[in-house]
Amino acid sequence: MSRIRADKFVNNAANGAPQLTFGAEVVAGVGLTGAGGINITGIATAASFVGNLTGNASGTAGGLTGTPNLVVGVITATSFSGDGGNLTNVGAAQSTRTLQVWLFGGG
């Protein structure tokens with residue numbers, strides 16, 4: 001196995017970053033450090049994440065802690081827990097009233 005020791009790696013013109021044609025592998029127990037950021041185009045996979053997430057995230061949101069505020073379009077449930085006393089705009093009140101009138105008469 002060969003070893004290269006250098007203070008800096010630059011591209012051939014010495015005016016930018018080198019291209020890693022086949023990627024780069026960081027062995028276990030070692031990390032990337034520095035004052036700059038990491039810009040990724042494509043998919044980044046991580047076993048864990050720490051920090052603020054900005055932009056559009058997709059996938060399954062599991063293990064959320066703290067006070068996450070989620071905005072969703074449609075929620076579909078296979079079961080429900082609780083009395084539903086604080087639900088609004090679900091259209092059940094009119095249906096319940098119609099059923100009561102049908103069962104017990106009156107209005």
List, by chain and number, the other hydrophobic cluster members for V50, where Ile, Leu, Val, Met, Phe, Trp and Tyr join if side-chain heavy atoms come within less than 4.5 Å, directly or indirectly. none

Report, one line per pair, each donor and acceptor closer than 3.5 Å where one atom sits in a side chain of residues 18-30; sequence neighbours left out.
none

I43 and its side chain to side chain contact (heavy atoms under 4.5 Å, CB included) partner, picked from T45, T41, I40: T45

side-chain hydrogen bond (donor to acceptor under 3.5 Å, both in side chains) partners of residues 7-18, not counting sequence neighbours, each pair once: N11-N15

